[in-house]
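All ligand and atom numbering here is 1-based and tracks the order in the structure.
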Amino acid sequence: MADKLESNLLGSSPQFAHVIAQIRRIAKFDVAVLIGGETGTGKELGARAVHYLSARAQQPFIPVNCGALADSLVESELFGHERGAFTDARQASPGLISEAEGGTLFLDEIDTLSPKAQASLLRFLQDGTYRRVGGTQTRQTNVRLIAASNANLDELARARQFRRDLLYRLKVMNLVMPPLRERGNDAVELAKIFLDRLNRQYQEQAAPKRFHADMLAAFARYAWPGNIRELEHFVQREYLMSEGEVIHGALPQDGAVAAPAADRYNTVFKQAKAKVIADFERSYVAAAMARARGNISHAARIAGQDRSAFSKLVSKYRVASMAEQGQDSGD
Ligand SMILES: Nc1ncnc2c1ncn2[C@@H]1O[C@H](COP(=O)(O)OP(=O)(O)O)[C@@H](O)[C@H]1O
Ligand SMILES: [Mg+2]
């Protein structure tokens with residue numbers, strides 16, 4: 001599995017090397033793990049690596065997307081139910097925890113669990129026991145829990161939307177998958193590896209393709225809001241859509257930083273706002289100056305601004321005035 005881990009979790013940046021080292025450590029200890037990180041950063045891949053490097057490797061790894069389960073079904077899916085526990089329960093079902101017996105249960109999007117499900121999960125984490133829905137028998141299991149979320153659980157706990165006691169139980173070990181844009185040259189490295197795979201996969205049908213140098217530079221610059229998932233899909237799409245042997249596609253709105261991570265919204269918002277204001281001021285000042293034929297006093301009157309404030313904008317945006325041409329008699 002050691003080699004397999006290396007071939008699955010790609011990236012040789014120091015940031016990612018640190019993550020790999022943490023995964024190896026975490027795998028040795030049989031405790032709950034909480035994995036954080038933006039969408040597409042490899043949380044599930046990381047959870048699998050922890051399982052397959054652990055002593056439980058020969059036992060099942062059961063992934064569950066909590067967000068995809070209907071609220072009313074979460075508990076019966078996880079803990080199972082007895083026959084007749086609810087209308088559709090014609091047969092008893094053991095549930096996913098029982099399926100994961102001896103192995104690892106991976107609960108993705110843990111933040112979506114209802115308060116009731118959170119309470120049951122806490123109890124299960126505290127003593128390894130649970131009851132099927134509609135059942136009275138307390139069952140004992142041996143399952144390692146790994147939970148993941150791209151939400152800020154500390155924040156949710158503060159807002160009382162996530163149980164703090166459950167958070168502490170899950171967070172015995174905490175692994176944070178870094179966003180691709182904070183992983184040095186990994187975006188470029190991964191793009192090349194994904195392209196190599198496609199070249200091999202389609203070698204019968206097409207001559208090998210390569211990226212144009214501009215694309216590699218763009219990969220390094222782009223913010224990758226969807227992280228590795230986005231990169232993987234992008235490379236695949238460009239590979240299939242490009243006609244020649246050199247791939248020269250465009251990233252979505254290069255530099256526009258589509259859908260940044262929550263903690264970056266604030267900075268990005270401020271930058272975007274400042275840019276809109278600057279663009280507006282520049283074109284407004286230029287238009288007023290054009291109408292006033294370069295006369296600052298006249299342009300300021302058109303703009304309804306006092307002369308000195310307007311004059312500052314003129315020099316800020318380097319709009320040509322008659323003064324610069326020695327003609328602004330009003331100065
Ligand atoms: N370090 C990595 N190296 C190669 N592929 C990766 C890496 N991290 C994630 N992936 C791939 O990116 C996609 C998203 O990973 P996933 O683990 O589902 O992310 P998350 O659960 O954080 O949304 C998957 O196809 C996965 O195989
Ligand atoms: Mg996922």
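Residues S149 and D111 have side chains that bring a donor and an acceptor to within less than 3.5 angstrom of each other. Looking at N150 and T39, their side chains never bring a donor and an acceptor atom within 3.5 Å of each other. Between Q201 and Y239, the side chains place no donor N or O within less than 3.5 Å of an acceptor N or O (distance only, hydrogens not considered).
Residue-level proximity to ligand 1 for N150 is absent, since no heavy atom of it falls below 4.0 angstrom. Only the side chain of E232 comes within 4.0 Å of ligand 1, counting heavy atoms alone; its backbone N, CA, C and O stay farther away.
Using bins of under 30°, 30° to 60° and over 60° for the plane-to-plane angle, the ring pair F124/F79 lands in the perpendicular bin.
Ligand 1 places these atoms under 4.0 Å from at least one heavy atom of N8: 2 (C), 3 (N), 4 (C), 5 (N).
At under 3.5 Å, a nitrogen or oxygen of L10, whether backbone or side chain, sits near a nitrogen or oxygen of ligand 1. At a 3.5 angstrom cut-off on N or O pairs, F16 does not count as close to ligand 1. Polar contact with ligand 1: present for G40 (N/O pair, distance under 3.5 Å). Polar contact with ligand 1: absent for I228 (N/O pair, distance under 3.5 Å). Considering both main-chain and side-chain atoms, D108 never comes within under 3.5 Å of ligand 1 through any nitrogen or oxygen pair.
Within the 3.5 Å criterion, the main-chain N or O of R163 finds a donor-acceptor partner in the side chain of Q118.
Ring centroids of F219 and F211 are separated by less than 6.0 Å, placing the two rings close together.
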